[in-house]
Amino acid sequence: MSMTRRRLVALTAGLAATALVPRMVFAQAQAPAAGPFRRDPLPYPVDALEPHIDAKTMEIHPGRHHEAYVSNLNTIAKDNPQIAQKPVPEVLAKLNELPEAIRTMVRNNLGGHANHTMFWQIMGPHGGKPSGDVAAAIDRDLGGLEKFQNDFNAAGGRVFGAGWVFVTVDRGGKLALETKPNQDTPLMDGKRVLLGNDVWEHAYYLNYQNRRADYLKAWWNVVNWNKVGERYAAAKAGTLQV
Ligand code: MN3
């Protein structure tokens, strides 16, 4: 290769690299796969749940894990707009009506979107204690707060691999404990979720490593019982969505 040619190649490569930089920055700054699905911003700063849930986890978990579900949904919705045209609980309760080619993807990603949307909402830095109607329902249906929390933690501990532990609520206000694998949700059975905890390792591994039991126990410090009370009232009014 002549000196001139070599210089030309280097120059061209340099130009190409320079030209690529702004485009990459632009692509990153844009929301990945824009579309009808959106992730709400956290209602508190990422470090608000410290020391129980660390700031890094609260960056990565919503920003990458939940965001990936949203982005995948927007990609699916390009050719299957019907998944965004009905309320999320309705789509999840009728997964078998979707084309088989997208059914599992919608199950995983819309389930994940619904679960995480609920999860960020029901946490907060000033947890407090259950009160009013929801406290009475916990006493009536779940044997009181202490028994309920022990049972919930035990159920969350028994989930093999990735999944969730939930409290469901029916239109009459009756509560029940339930676990689901992966990103499944009681919404898929036409039920409503009062609250739930994510026991995927990505929810706790940075701070707790394999100690899921410690995470389950500490998590109660960041449950926003005011918000849970609002969800309980909404469930009874028939307006609770995800
Ligand atoms: Mn998660």
Side-chain angles (χ1 to χ4, degrees), residues 31-33 37-76 83 88-89 91-92 95 104-125 127 152-153 155-168 177-189 191-224 227-228 231 241-242:
F37 292 95
R38 228 172 340 106
R39 179 175 62 87
D40 292 334
L42 285 183
Y44 36 77
V46 292
D47 61 356
L49 309 183
E50 294 258 18
H52 310 292
I53 302 184
D54 61 285
K56 193 73 186 167
T57 295
M58 290 306 294
E59 258 177 60
I60 294 172
H61 194 179
R64 300 200 207 152
H65 292 274
H66 185 178
E67 191 62 36
Y69 301 130
V70 171
S71 177
N72 291 340
L73 287 169
N74 284 329
T75 301
I76 302 165
I83 67 165
V88 170
V91 178
L92 288 173
L95 286 172
T104 301
M105 287 191 293
V106 174
R107 179 183 197 132
N108 291 338
N109 291 288
L110 193 58
H113 181 39
N115 284 338
H116 289 88
T117 301
M118 172 278 299
F119 190 54
W120 314 131
Q121 258 188 36
I122 57 115
M123 295 195 291
F152 185 98
N153 293 352
R158 283 192 302 266
V159 173
F160 185 75
W164 288 75
V165 51
F166 297 101
V167 174
T168 59
L177 265 185
E178 199 171 309
T179 62
K180 289 282 187 187
N182 306 314
Q183 292 298 352
D184 284 1
T185 151
L187 296 170
M188 291 168 184
D189 310 315
K191 299 180 183 175
R192 287 295 178 274
V193 170
L194 178 67
L195 60 86
N197 194 358
D198 187 342
V199 298
W200 284 57
E201 279 185 346
H202 67 225
Y204 61 85
Y205 206 85
L206 294 182
N207 208 10
Y208 297 91
Q209 293 82 48
N210 61 323
R211 292 174 285 114
R212 188 193 285 182
D214 291 350
Y215 158 70
L216 278 157
K217 206 170 159 192
W219 180 75
W220 293 106
N221 291 295
V222 295
V223 172
N224 179 347
K227 193 71 201 175
V228 173
R231 289 176 65 85
Q241 291 292 307
V242 299

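The chain is numbered in sequence order, starting from 1. One-based numbering, in listed order, for ligands and for the atoms of each.
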Handout entry: Side-chain donor or acceptor of Arg231 paired with backbone N/O of Met118 under 3.5 Å
Key = no
Practice task
Using 2.8 Å as a strict upper limit, say whether an N, O or S atom of His202 approaches the Mn ion (ligand 1) that closely.
Solution key: yes
Exercise for the section: Report the relative orientation of the aromatic rings in Phe152 and Trp219; use parallel for angles under 30°, tilted for 30 to 60°, perpendicular for over 60°. Expected result: parallel
Problem - Point-to-point distance, once rounded to the nearest 0.5 Å, from OG1 of Thr117 to CD of Gln241 - result: 11.5 Å
Practice task
Determine whether Arg192 and Thr168 make a side-chain contact, defined as any pair of heavy atoms from C-beta on separated by less than 4.5 Å.
Solution key: no
Practice task
Please find the N/O/S atom of Asp198 nearest to the Mn ion (ligand 1) and write down its name.
Solution key: OD2
Exercise for the section: State whether His65 contributes an N/O/S atom found under 2.8 Å from the Mn ion (ligand 1). Expected result: no
